[in-house]
Structures are given as structure tokens and as C-alpha cells.
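Note: hydrogens, waters and symmetry copies are ignored here, and every other heavy atom, side chains too, is used. None of the values given here were measured: they were computed from a predicted structure.
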There are 2 protein chains.
Amino acid sequence: MATIYQVSELAGVSLATVSRVMNNNARVSDKTRDKVLVAMEQLGYRPNSIAQSLASSRSNSIGILVSELHGPFYGEMLTGIEAEFRAAGKHVIIAAGHSERATEEEGIDFLRSRSCDALILHVEAVTDQYLIELSKKETPFVLLNRQVAALAERCISLDNELGGYLATHHLLQQGHRHIAYIAGPMWKTDARDRFHGHQRALAEYQLTADDALFFEGDFRETGGSKGLQWLLASGRPFSALVCANDEMASGALTAARELGYEVPANFSVIGFDNVNFAYYTYPKLSTIDYPISAMGQMAARWVLQQVYQQSSIVVQQVFSPHLIPRDSVAEALHT
Amino acid sequence: MATIYQVSELAGVSLATVSRVMNNNARVSDKTRDKVLVAMEQLGYRPNSIAQSLASSRSNSIGILVSELHGPFYGEMLTGIEAEFRAAGKHVIIAAGHSERATEEEGIDFLRSRSCDALILHVEAVTDQYLIELSKKETPFVLLNRQVAALAERCISLDNELGGYLATHHLLQQGHRHIAYIAGPMWKTDARDRFHGHQRALAEYQLTADDALFFEGDFRETGGSKGLQWLLASGRPFSALVCANDEMASGALTAARELGYEVPANFSVIGFDNVNFAYYTYPKLSTIDYPISAMGQMAARWVLQQVYQQSSIVVQQVFSPHLIPRDSVAEALHT
DNA sequence: TAGTATTATGTAAGCGCTTTCATTTATAGC
DNA sequence: GCTATAAATGAAAGCGCTTACATAATACTA
């Protein structure tokens, strides 16, 4: 592999000049630039990015920590991030945190030790305090999908409350008045926010959430099926069901079928997230779209702006979800 | 950030000694080692991985090129890869190739310029010739899910022929004798291999594939729905349908429902890949499992063995698929 | 055309490590 | 106690770049 030194020799200029044409910011005369370019071409020269990083103390790498690499959600997120950085000549190092505190912290440590210029974190298990401590260290980071008041300017998140509102509002508009709710784990902010949105929508119709129609699930499929069984067993009638995410909605759909109910004939179901498989369920799941790819892209832009000084970039911090009506919600028969 | 120099000073030893304890291979007396360890601890020292890379000419990074970051397939693959490397202290740089030749080549270039020690490639659009050329350059690579004869020792792939065989064999065992087939693009090796497996299974029952029951799809959902329509329109009766992947199977399932058919009552359907949403379709899709996560992990091991000399590792190059029977296949009514 | 302001290029000192080779210190044999 | 050998440590030369800072070349002014 040719080095900058050989290029400088062949072109008959100094190292510094070659370096200048590479980072084509500095002023070099056209003549010299051409000579250098020709020499590079001739030698098939490729700069050694490691040496560049060491000398400039910029690694041009961004660490991404997600909960999982598989699953319908994170792939979309990574897509947005990778595309944005690739175009900017930065590269992306990934690590998985598996929603466990120790693994998440370890992943962050791993990424930091890799000399990342910045981090994009999608963490669930580490504490706010940990993140606040982290913010005092040298590596800058953005938080995706998490709100920490003290770190507000580094958070990119979805308006979950609005999403919860939209879901229930849609059901209300279809004439439903008895609406069951399967929530996510209520210690998670997003689960709580979605539920608050639900309550707000109900309030607009002078309704309040019925405790007998509330079940706290786990954001997994089984949470949905167990939740539905519990709701049905409670004996309290309902004509529609809000699930705080699509996995649980899918579980509910399957359970309903197995118990002999038809959706949406017997009751409507709405999910949240609009993950890819929502389209493959039967009936196709009405849900709330979570623009996660766009949000990932925005996190990347935050980094470009804050860390690489690409000042022209505008960052949007809060995203709005919207309704995706499909086949799992129908009009209520009796209001 | 503390440097090795400060550690050496505090511990009262030379740089070399500190470096030795870091890479704990060289022989250092226990006393000195402890002194150094204490100094490191005290300074909160973390080695600068960039400097390490430059000096040792090993970046400890592996580039991964996948077609897409989202979708049900690549996430699984990345999971296997990341876990394996993370445990080995290596890190993973990702790029997407979008199944387009130019983008794939560009991605490979990008990764190479990032000083990766090795590459794991899941490429579809670049030519064999390009890969053969690439193999002459310094960066080693493995191919996932692609067979290039000249590069056989670098290929990790699935026995697609066997998978195709298993799918059709299952149908035959259930008594089906008139089996339709929706293939992938036949220029792709895996699509062809799967079809060959189908033919072999038929041959065992003294049957041959019926041209009127064959449709070449595109591995996308629409390919499945169009394919089913075409097959139905052809008027040739069939009691079972093999789809060369799950997306197309899902498309077929949806189309069947819309056209008033019931699966598996009217005809059985089997897919291929066992992507996550196969579980969410209705009826749940019987399919052939593609152990992509394990294959990703194996690709990582190949790198660990070949590039990082971890000789204890054993690499398996060809993987076998197996049948996942679910609800979309039923016994044939009349044999 | 001398004198000054610009612009282009070169010199050389790092960046924070690894690693070879030389040197020092400990261990053993007699 | 004195050499012969092995083990532990240090000195220093890079790895391939970037980037002050110094210097040379050119353009501009009066």
C-alpha cells in the first residue's frame, strides 16, 4: 500500500502539500494539485484512515447502541442513520444492549473505547443518572427515543402522548365508547405517555379509563394474548381494544381468533408502532406510525451538526406519529 | 485523557512495560505488573484504540456489507455477527449495499478505506469476477449466502437445494400431487437451487414439475400475489403451492383470501426463510427455516480463525435448512 | 521597481501506541 | 563468589498522517 510519502516523492512535493490536496480545504495551486492527483492515481494511493484519525484526533466513526439488531424496529432506525452518515463519509459502529443495564453500560464503554467521535444511544435500562454522568465525559451523544429532562437538548423522541391520543381518538370517532387498553410496562416512559394520550382522548368525550378494562402487558406478543384473555374473563364488555404496541396487538389478534372472536366484527383492535409485520397480520392491523427511520436520520444529523460542525443542518427533536387505518378497526354497531 | 506516557511515569516504568502489561502476553514480573495496574486504575487510563491500530497495523474492526439494514433477514444476521465479535473485542462497521451493483462496490470500497481487518459480505449484485479480483487485494473477506467456485473456501452458505427439497417433500408426504411453484428470479443462484430441490423431491414420487404451474416471481410480496392470480387463472388445478420465500408466500396468502380461497382448506402454501413475520400471518406460515443468525456467527468465526489466528475455532461452511410446519399446510383431501 | 501583502509550499514536531534490540537484573551451576 | 544463561526492563525508532510555523514565490501598490 502506497503511503503519503511515496505520493509526495513521485509528485515532487512535500508531505504537507499532499495532505492539503487530500483535505482539499487548504489552498494549493492548480498545477501542484494536478501533479499530486496524478501521482495518487498512478500509485493507487488510498489514505490510511487510522493514521488520519490519530493525527487529527477525529475517528470519523459514530457508535450506535441499539437494544437489538434484529426485530422490526431497529433495522429501520439503522437504515436512516447509516444512509445519512455514509453520505457524509462517516462510518457507523454498532453494538447491541439487549435492554439490560449491564450490557448497555458495557456497550457504551465498548463504543467509547473505540474512539467514536459521538454516540447515538437507544437505551432503556440505564438510569438517567448514568446518562447525566456520561454527558460530562468527552464523547458527545444523542438519545433516541428517551427523554431526560437534564439532557433535553440531546433527546430525539416521538410524541407518544399524541400517538396514544390518536389511537383512541380514532376509535371514539368510529363510535366506540367501551375501550379496553393493554399497556406496556408502566415503568417505561413511552408506555406511560401513550396511556396518558389515551386518557386525554377519552376525556374529550367525557369518558374516563375503566380500571376493569386496563391490563399492563410487557410489549411482547404474549402480553397481548394474556391481556386479551384477562379482559375477556373480566366480563366487562368492550367494543374496541388499544394495544400499546403492535407485538401485543398481534398477540391479541391471535388469541381472539383462538377464542372464537372475529376482529373487527366482534371488537376492533389498534396497535402502535407500525412495524413491518403489522401489514401481514390478519386482519391487517390499524396502527400508529412511528417514523423511526426518519428519527434515526435526525439523530445522525444532530451529530453532523453538533460534532462535525455542519451548521447548515436543522435538527427536529420531537416527532409526531400519525394514524394508519387498516382493517382491524371498524365502526361500532351501537354507540 | 491519560496516555500511556503518564501511566509509565506514575508507575515508574518505561512505556514498553506498560504496553506489555496491556497486551498481557509478554513476561512482566508480578510486582511491576501490579504497579502498572494501580497506576492505570488511578488515572482512569483507557488505551487509545486508534494509536494501537496505527502502531500494530490491526484495526480490530470488521466491515459488514448487507443488502439492507432493515427487513426481517439482515437483522438476524447482524445479531449473530455482532455477538461473536463483541465477545472477541472486535468491532463491527456496517454498510448497506441495497442490492445494486454500484452501491455494493462503493460500500466495499468504503469499508476497505476504513482499514477493516476483514470483510463479511452479503452481496447480490456484484459479479463473481469482481469478487475474484477483490480476493487478490489485501483485505480478506468471507461471502455469506453466495457461492463462487473459485472462492469456495470463503463461502458460507445454505443448502438451498435441500431446502427446496424439504418443502416439496413435506407437501408430497401430506398427499399433495399437484403442486404449483412460485420461484424467485431465476438468475439468482438460490432461486435456482431451491427449484432444483423441488424437482428432486417430485422425481422421488415419479412426478415432474408442470410448466403450467410454475411462475417466476421477484422474491417480493407482489410476486406472490401476482403469481397466485396467474396460477389460478391458468385453470390448471393444484392442491398445494410452494413459494420460494416467505414474502411471496405472504403475498399469495393475502391474494388467496381476497379471491375467496381459504388456506389450507382450498390449497396448502409453504414458504421459505422463516422470517419473523411468518409467524404473524394467517394462517401461520409453514416454511423452511434459514439459520441466518447462526450463519452470521459462523462468518464471524471464519474471520476470527483466518484473520486473528484463533485456531481453536471450527468453521462450518454449508448449513442445512429444516422444515417448520405450521398452519398453512394441511393434508390433501384426495391423493 | 522597491516594498508590502498574499498565497503557495516546505519543515518538522507530534498523535499514542507497538516492537525490536540492547541493557540490566535475577537465577543457576560449579 | 564468579561466570553462563535466562528473565525483566528500557531506549528508541517507527506506524502514516495533520498542522503549526517558517520560508519561498507571486501579486499588488505607489
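- Taking 4.0 angstrom as the limit, A/S29 places a side-chain polar atom (N or O) nearer than this to OP1 or OP2 of C/dT9.
- B/F85 has its ring centre no less than 6.0 Å from the ring centre of B/H91.
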Apply salt bridge (charged side-chain N to carboxylate O under 4.0 Å, His left out) to residues A/K136 and A/E133 and explain how you reach the verdict. CA-CA 5 Å; A/K136 294 174 186 156; A/E133 284 307 314; 3.3 Å; yes

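- Here the NZ atom belonging to B/K35 is positioned 13.5 Å from the CE atom belonging to B/M40, to the nearest 0.5 angstrom.
- No donor-acceptor contact under 3.5 angstrom links the side chains of A/T103 and A/H98, judged on distance only.
- Of the residues near DNA chain D, B/L54 and B/R27, the one whose nearest nucleotide (by heavy atom distance) lies more toward the 5' end is B/R27.
- The shortest side-chain heavy-atom distance between A/D128 and A/R146 falls under the 4.5 Å cut-off.
- Heavy atoms of B/T32 sit under 4.0 angstrom from primed sugar atoms or phosphate atoms, though from no base atom.
- Read 5' to 3', the first and last nucleotides of DNA chain D with an atom closer than 4.0 Å to a heavy atom of chain B are D/dA7 to D/dG16.
- Comparing atom distances between the B/Q52 side chain and each of C/dC17, C/dA8, C/dG10 picks out C/dC17 as nearest.
- Residues B/Y290 and B/F73 bring their aromatic ring centres within 6.0 Å.
- Within residues 14-22 of chain A, the residues having any heavy atom closer than 4.0 Å to DNA chain D are, in order of number, A/A16, A/S19, A/R20, A/M22.
- Neither side chain, B/S8 nor B/S14, offers a donor N or O lying under 3.5 Å from an acceptor on the other.
- For B/K188 and B/F219, the positive end is not near the middle of the six-membered ring at less than 6.0 Å and at most 45° from its axis.
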